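Below, chains carry the letters A, B, ... as their sequence lines are ordered, and counting in each starts from 1. Computed from a predicted model, the values in this text were never measured in an experiment.
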Number of protein chains: 2
Amino acid sequence: MAKNKMKQEELVVLLKDAGIKPSVQRIMILDYLVKNHTHPTVDMIYRALYTDIPTLSKTTVYNTLDLFTEHNLVQKLFIEENEIRYDIDAAVHGHFKCVDCGLVTDFNINRIETEVDKLNENKIIAREVYYRGICKKCLANK
Amino acid sequence: MAKNKMKQEELVVLLKDAGIKPSVQRIMILDYLVKNHTHPTVDMIYRALYTDIPTLSKTTVYNTLDLFTEHNLVQKLFIEENEIRYDIDAAVHGHFKCVDCGLVTDFNINRIETEVDKLNENKIIAREVYYRGICKKCLANK
DNA sequence: ATCATTGCAAACACTTTGCATACGC
DNA sequence: GCGTATGCAAAGTGTTTGCAATGAT
């Protein structure tokens, strides 16, 4: 209980530091993202929180995640068609999606060597590396 | 004229080699992809070909691109939400999308160094690198 | 009292599906 | 003639918009 209370305050600080006014919904959504590094979709977040706040609207989840994205608290991932996923991990890393079980996992990138001359006059805002394949767990089940 | 005829035959060979039965629509869509390395969306392809074949249906464009994807003739790109783009270039390369003008350009990747141990037991089917930012042309216009 | 946030319902955009027609060997 | 390809219309899915109700300071 005391721990939960403390955690809540940390989340409030996180929001305020990002320049976002806290609210019950915003804290809960941030809480979910902090506790679940599973690159959830809007629907996953909505379904997880719906039981706690039955009045929650998907619009609010969309609004809140857009707000978080604008304030660089989360990053949108477009690893597959027809779904946006959200990631709270700020460090640059790659995403591996298993096309079998759908799980998205992170992996570290030490270095990307690109053809510099073609890119160096552009302003690069985001770098994303997506791998798709079959994870070892799904490979074992075959 | 003679050149166009020859080109057409080359496209037919390309399709047959991929195990795809040629048709007027398939040849025209492939022709568009070969001539336009602009990572087009379904809509771009549809609108470009519509004037030549007014009976063309978007469904056919979808069907054909799915078929091409299955036969590894093209690759789907998920660089931004709500749009699938198609790329006929088989070599592994990165994609830079200008968030200002929307243009998607290719760049070469010489090497990606990842944390090997975490990935090497997975079977990797596709590797995609997306950069987003503002291209030098748009930067100059500001 | 004022301004921002929430959330319902409707609208939207892109994609897929069902099925009848047309085409090719 | 038979199997496949095409294309219309309808349905589906994820996201956005308009707007009224609610909440916070």
Side-chain angles (χ1 to χ4, degrees), chain A residues 8 11-12 15-16 18-32 39-71 73-86 97 102 104, chain B residues 8 11-12 15-16 18-32 39-71 73-86 97 102 104:
Chain A
Q8 175 112 342
L11 294 169
V12 170
L15 287 172
K16 285 187 176 168
I20 297 169
K21 232 159 99 181
S23 78
V24 175
Q25 289 84 346
R26 288 171 181 176
I27 292 166
M28 290 207 60
I29 292 169
L30 182 61
D31 183 48
Y32 181 85
H39 315 83
T41 61
V42 163
D43 202 56
M44 288 173 188
I45 299 169
Y46 173 74
R47 286 210 309 269
L49 301 182
Y50 181 77
T51 45
D52 291 331
I53 330 177
T55 63
L56 183 70
S57 155
K58 253 189 193 178
T59 307
T60 301
V61 181
Y62 278 110
N63 287 341
T64 305
L65 289 169
D66 280 351
L67 192 72
F68 286 3
T69 305
E70 284 164 26
H71 291 254
L73 215 56
V74 298
Q75 193 197 355
K76 290 188 179 192
L77 306 182
F78 310 110
I79 195 164
E80 266 304 10
E81 69 193 275
N82 288 344
E83 58 174 28
I84 306 177
R85 286 164 172 271
Y86 294 85
K97 172 160 179 173
V104 177
Chain B
Q8 174 112 342
L11 293 169
V12 170
L15 286 172
K16 284 188 176 166
I20 297 169
K21 233 159 100 180
S23 78
V24 175
Q25 290 84 346
R26 288 171 182 177
I27 292 166
M28 291 207 60
I29 292 170
L30 182 61
D31 183 48
Y32 181 86
H39 315 85
T41 60
V42 164
D43 201 57
M44 289 174 188
I45 300 169
Y46 173 73
R47 286 210 307 269
L49 302 183
Y50 182 77
T51 45
D52 290 331
I53 330 175
T55 63
L56 183 70
S57 154
K58 253 188 194 178
T59 307
T60 301
V61 181
Y62 277 109
N63 288 341
T64 304
L65 289 170
D66 280 350
L67 193 73
F68 285 4
T69 306
E70 283 163 29
H71 291 254
L73 215 57
V74 298
Q75 192 196 356
K76 290 188 180 192
L77 305 182
F78 310 110
I79 195 165
E80 272 290 21
E81 68 194 277
N82 287 346
E83 57 173 29
I84 306 177
R85 286 165 172 272
Y86 294 85
K97 172 161 179 172
V104 176

Phosphate-side-chain proximity, B:Q25 and D:dG7, N/O vs OP1/OP2 below 4.0 Å: yes
Hey, are the side chains of A:T41 and A:I84 touching, using non-hydrogen atoms and a 4.5 Å cut-off? no
Without decimals, in angstroms, what is the distance between A:M28 CE and C:dT5 P? 19 Å
What is the distance, rounded to the nearest whole Å, between atom CD of A:E70 and atom C1' of C:dA4? 14 Å
Contact string for nucleotides 9-25 of chain C, one letter per nucleotide 5' to 3', B = base within protein heavy-atom range under 4.0 Å, S = sugar-phosphate only, - = neither, reads B----SBBB--------
Mind listing the side-chain donor-acceptor pairs of residues 60-70 of chain B below 3.5 Å, one per line with the distance, residues two or more places apart or on another chain?
from, atom 1, to, atom 2, distance (Å)
B:N63, ND2, B:T59, O, 3.4
B:T64, OG1, B:T60, O, 2.6
B:T69, OG1, B:L65, O, 2.6

Please list, chain by chain and in numerical order, all residues satisfying ring pair (Phe, Tyr, Trp, His ring centres under 6.0 Å) with B:Y32, sequence neighbours excluded. none
Return no unless some side-chain N or O of B:S23 is found under 4.0 Å from OP1 or OP2 of D:dT4. no
According to side-chain hydrogen bond (donor to acceptor under 3.5 Å, both in side chains), who are the partners of B:R26, at least two apart in sequence or on a separate chain? none
With sequence neighbours excluded, tell me which residues meet side-chain hydrogen bond (donor to acceptor under 3.5 Å, both in side chains) with B:Q25. none
Between P of D:dG7 and CD1 of B:I45, the distance in whole Å: 15 Å
State, to 0.1 Å, how close B:V12 and B:P22 come at their nearest heavy-atom pair, and which atoms those are. CG1-CG, 3.8 Å
Could you identify which residues of residues 46-57 of chain B place a heavy atom less than 4.0 Å from some atom of DNA chain D, listed by residue number, or say none? B:T55, B:L56, B:S57
Checking B:K21 now: which residues fulfil side-chain hydrogen bond (donor to acceptor under 3.5 Å, both in side chains) with it, not counting sequence neighbours? none
Could you list all the salt bridge (Lys or Arg N to Asp or Glu O under 4.0 Å) pairs where at least one residue sits in residues 52-61 of chain B, not counting sequence neighbours? B:D43-B:K58
In whole angstroms, the gap separating P of C:dT5 from CG of A:L15 amounts to 12 Å
